[in-house]
2 protein chains.
Amino acid sequence: MVPSDYSIGDLARHTGIKVATIRYYETVGLMPPPPRTEGNQRRYGKGALDRLNFIAHARAFGFSMEAVRHLLTIAAHPEQPCEDIDALVAERLVEVEMKISGLTRLRDELSDLLHTHDGGVVRECRIIEALSDHSACPPGHKHHGLTAELATVGK
Amino acid sequence: MVPSDYSIGDLARHTGIKVATIRYYETVGLMPPPPRTEGNQRRYGKGALDRLNFIAHARAFGFSMEAVRHLLTIAAHPEQPCEDIDALVAERLVEVEMKISGLTRLRDELSDLLHTHDGGVVRECRIIEALSDHSACPPGHKHHGLTAELATVGK
DNA sequence: TATAGGACCTCTAGTCACCAGAGGTTCAAG
DNA sequence: CTTGAACCTCTGGTGACTAGAGGTCCTATA
């Protein structure tokens with residue numbers, strides 16, 4: 001058919017995105033449903049490849065799928081001014097910076113724990129003590145109201 | 001009944017963990033099922049409160065529930081040596097450090113993008129260009145094989 | 001002691017961003 | 001024409017919860 005058509009596996013190889021994920025992107029509307037062969041297999045054109053690459057890059061920058069959707073909409077209107085993009089990137093930057101500072105504090109706490117640990121029996125273990133005791137709360141844990149931020153950081 | 005018994009709401013207030021989460025911890029076996037009133041409501045003792053606090057602290061340090069389970073088992077055997085704890089903490093420290101370095105590279109990329117951005121129309125936007133183009137791949141994105149590490153960083 | 005309303009109960013389904021596997025069909029190289 | 005790799009759909013699972021519906025219980029006050 002049309003110039004350069006790719007199977008879903010070709011797309012996967014070219015973008016580094018798994019076949020199952022490409023199908024998933026279709027079900028959630030990030031990728032449009034492509035034409036099919038007579039035997040019901042997907043055939044993509046160059047446009048789909050570019051779009052998927054765009055998505056891959058945006059995801060690698062850590063944008064949520066919601067943000068990616070937004071970016072795609074913006075990219076589809078080349079004559080519009082691009083303030084929204086600026087805002088999206090700035091927002092993402094703030095998120096990343098907050099995460100870094102939370103994790104940095106956490107790292108210091110953990111390394112402190114490790115270094116004051118001399119390896120006796122559990123009864124005298126400073127780490128277990130710290131976990132049992134309120135006086136050595138990790139950063140961000142305000143005793144009443146564990147921050148969602150740090151609680152999910154471990155993922 | 002027994003000295004100091006708490007409702008599930010009391011436990012929540014004392015630990016900062018939500019009621020729904022406490023029930024969830026029970027279904028997954030992190031918290032033992034407590035005795036009930038005649039009207040089928042949960043009543044906890046001091047031991048349960050301590051255990052839940054321990055869990056809250058460990059989670060705040062970013063340990064996975066699997067790791068928390070492990071820590072609880074260890075804490076229950078006070079006469080054993082505590083090498084395993086050391087390993088668990090060290091492992092967690094490495095995870096956190098890796099995450100920090102990934103995010104730091106990401107932050108630099110994002111801030112670079114923001115600073116070379118002069119705010120014209122979308123057609124000439126450097127950010128959209130970067131997302132469309134392979135030559136400006138974000139850190140960790142190896143073009144063929146997006147690292148799972150960075151792809152999930154956006155959470 | 002009656003009652004109001006907050007706290008509790010169970011159960012289901014949703015979140016995010018996919019991934020794995022079962023069971024079956026199609027495509028393309030030799 | 002055969003073979004086997006790649007494709008198809010559908011279901012269910014991941015981690016760590018959270019929200020809400022629809023109903024029951026507990027307790028402080030009048």
Side-chain angles (χ1 to χ4, degrees), chain A residues 1 5-31 33-44 52 55-56 58-70 92 95 99 145-155, chain B residues 1 5-31 33-44 52 55-56 58-70 92 95 99 145-155:
Chain A
M1 20 180 75
D5 63 13
Y6 307 92
S7 72
I8 198 169
D10 293 337
L11 234 62
R13 268 182 296 284
H14 280 91
T15 59
I17 292 190
K18 295 198 175 153
V19 166
T21 305
I22 299 172
R23 283 197 279 252
Y24 166 72
Y25 284 166
E26 188 180 322
T27 69
V28 298
L30 263 194
M31 290 292 289
R36 305 278 186 131
T37 64
E38 277 184 35
N40 198 35
Q41 300 196 355
R42 291 168 180 83
R43 285 303 117 108
Y44 297 92
L52 191 54
I55 296 170
R59 293 285 303 127
F61 272 108
F63 288 99
S64 70
M65 292 189 56
E66 207 31 52
V68 172
R69 231 182 277 276
H70 201 152
R92 178 77 194 120
E95 274 172 39
K99 206 136 227 171
L146 189 58
T147 66
E149 181 60 26
L150 273 169
T152 59
V153 128
K155 204 296 170 51
Chain B
M1 18 181 74
D5 64 11
Y6 307 93
S7 71
I8 198 170
D10 293 337
L11 234 62
R13 266 183 298 283
H14 280 89
T15 59
I17 292 190
K18 296 197 176 153
V19 167
T21 305
I22 299 173
R23 283 197 279 250
Y24 166 72
Y25 285 166
E26 189 180 322
T27 70
V28 298
L30 263 193
M31 290 292 290
R36 307 277 186 130
T37 64
E38 276 185 36
N40 199 33
Q41 301 196 353
R42 291 168 179 83
R43 286 303 117 107
Y44 297 92
L52 192 54
I55 295 171
R59 294 285 303 128
F61 272 108
F63 288 98
S64 70
M65 292 187 54
E66 207 30 57
V68 173
R69 231 181 277 275
H70 200 151
R92 177 77 195 121
E95 275 172 38
K99 205 135 228 172
L146 189 58
T147 66
E149 182 59 26
L150 274 168
T152 58
V153 130
K155 204 302 173 56

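Please read these numbers as outputs of a predicted model, since none were measured by experiment. Just so we're on the same page: letters track the sequence lines, and every chain starts at 1. Below, each value reflects all heavy atoms present in this structure, side chains not excepted, and no hydrogens, waters or symmetry copies.
Between B:Asn40 and B:Met65, it is B:Met65 whose nearest contact on DNA chain D lies nearer the 5' terminus.
Scanning all heavy atoms of the two residues, the minimum distance from B:Ala58 to B:Val68 falls at CB-CG2, 3.8 Å.
Between the NZ atom of A:Lys18 and the C1' atom of D:dC8 there is a distance of 19 Å, rounded to whole Å. Between the CG atom of B:Asp10 and the C1' atom of D:dC26 there is a distance of 13 Å, given to the nearest Å. Rounded to whole Å, the distance from CZ on B:Phe63 to C1' on D:dG15 is 17 Å. Spacing between atom CG of A:Leu30 and atom P of C:dC18 amounts to 9 Å, rounded to whole angstrom units. B:Arg43 places its CZ atom 11 Å from the C1' atom of D:dT27, with the value rounded to the nearest Å.
Dashed line: the shortest gap from a side-chain N or O of A:Thr37 to OP1 or OP2 of C:dC27 is under 4.0 Å. Side-chain nitrogen and oxygen atoms of B:Arg36 include at least one within less than 4.0 Å of the OP1 or OP2 phosphate oxygen of C:dT10. Between B:Thr21 and D:dT18, a side-chain N or O to OP1/OP2 separation shorter than 4.0 Å is present.
B:Tyr6 has its side chain within reach of B:His14: a pair of non-hydrogen atoms, C-beta onward, lies under 4.5 Å apart.
Closest contact between the side chain of B:Arg42 and the listed nucleotides D:dC7, C:dC9, D:dT9 involves C:dC9. For B:Tyr25, the side-chain atoms get nearest to D:dC17 when compared with the rest of C:dA20, C:dC9, D:dC17. Closest to the side chain of B:Ile8, out of C:dA17, C:dC8, C:dC27, is C:dC8. The B:Arg59 side chain lies nearest to D:dC17 when the options are C:dC9, D:dC7, D:dC17. Residue B:Tyr24 has its side chain nearest to D:dA16 when only D:dC8, C:dC8, D:dA16 are considered.
Here B:Arg23 does not pair with B:Glu26 in a salt bridge; the nearest charged N to carboxylate O distance is not below 4.0 Å.
A side chain to side chain contact (heavy atoms under 4.5 Å, CB included) with A:Tyr44 holds for exactly one of A:Leu52, A:Asp5, A:Ile8; it is A:Ile8.
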